[in-house]
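Sequence lines set the chain letters: A, B, ... in the order given, protein chains first and strands last, and positions in each chain run from 1.
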Amino acid sequence: GNSVTQMEGPVTLSEEAFLTINCTYTATGYPSLFWYVQYPGEGLQLLLKATKADDKGSNKGFEATYRKETTSFHLEKGSVQVSDSAVYFCALSQNYNQGGKLIFGQGTELSVKP
Amino acid sequence: EPEVTQTPSHQVTQMGQEVILRCVPISNHLYFYWYRQILGQKVEFLVSFYNNEISEKSEIFDDQFSVERPDGSNFTLKIRSTKLEDSAMYFCASSETRTNNEQFFGPGTRLTVL
């Protein structure tokens with residue numbers, strides 16, 4: 001079946017450090033891939049997405065590239081800020097354009113220290 | 001900015017009792033979803049709803065669960081007879097169309113079954 005695996009947290013970084021959160025997936029065909037972020041006390045918010053192989057999603061300095069050959073969608077940011085502290089979820093959808101469900105990884109907590 | 005709202009933020013109930021979790025999706029959205037996250041585990045899909053009927057449901061969504069859109073604005077999840085293992089954070093989400101299926105999430109309802 002379809003599944004998403006993320007690196008375990010928590011990840012603790014100093015401000016301005018480089019961030020990578022690994023995400024790999026198992027799916028048939030060509031799923032759409034997503035990163036969602038959850039700030040304390042809030043719902044999940046879409047951070048970025050990629051709907052086909054080699055697409056790069058980007059938003060707020062975060063980037064992730066859809067790599068079909070390695071079935072990966074790693075999240076990166078060149079210089080993190082304290083305000084980036086949150087839980088990050090990688091997800092896939094098999095039928096994005098048909099109202100399809102999201103399948104999530106377990107989430108990775110990021111803590112950025114000043 | 002429009003947002004998905006959920007009430008209550010925290011619900012405590014006794015095992016065997018019925019609970020109704022309420023969601024108000026974004027007003028022009030047509031697709032509605034419920035997800036849940038048991039503490040320390042992945043966010044899991046429960047059900048999707050479109051045009052006043054269930055589009056897809058997971059194995060978790062058994063006969064104890066039901067959804068309804070009673071008045072054109074609210075979207076509810078009912079659990080008929082709660083079990084201890086139903087304790088989780090329940091997230092509602094909505095999306096506008098099939099071709100723009102960005103799912104917007106509410107802040108969640110924490111359900112505690114005693």
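- No donor-acceptor pair under 3.5 Å is formed between the side chain of B:Gln103 and the backbone N or O of A:Leu46.
- With hydrophobic clusters built from ILVMFWY side chains whose heavy atoms lie under 4.5 angstrom apart, A:Phe73 shares a cluster with A:Ile21.
- Screening B:Phe45, B:Tyr35, B:Phe91 for a ring-ring contact (aromatic ring centres under 6.0 Å, His included) with A:Phe104, the sole residue that qualifies is B:Tyr35.
- Under the 4.5 Å side-chain heavy-atom criterion for grouping Ile, Leu, Val, Met, Phe, Trp and Tyr, B:Phe61 is connected to B:Phe49 within one hydrophobic cluster.
- In terms of modelled atom types and a separation under 3.5 Å, the side chain of B:Lys42 and the main chain of A:Val4 share a donor-acceptor contact.
- Connection of B:Val67 to B:Val4 is not established within any shared hydrophobic cluster, with ILVMFWY side chains joined at heavy-atom distances below 4.5 Å, either directly or through further cluster members.
- Heavy atoms from other residues, nucleotides or ligands lying under 6.0 Å from CG of B:Asn28 number more than 12.
- Rounded to the nearest 0.5 Å, atoms CD (A:Gln106) and CD (B:Gln37) are 10.5 Å apart.
- In the hydrophobic clustering of this structure, A:Leu110 groups with A:Leu47; members are Ile, Leu, Val, Met, Phe, Trp, Tyr whose side-chain heavy atoms approach within less than 4.5 Å, directly or through other members.
- A:Phe62 is connected to A:Leu13 through a chain of hydrophobic side-chain contacts under 4.5 Å among Ile, Leu, Val, Met, Phe, Trp and Tyr, so both are in one cluster.
- For B:Glu3, no part lies under 4.5 angstrom from a heavy atom of chain A.
- With a threshold of 4.5 angstrom between heavy atoms, A:Gln38 approaches chain B through side-chain atoms but not through N, CA, C or O.
- Between A:Leu44 and B:Phe105, the shortest heavy-atom contact is O-CB, 3.3 Å.
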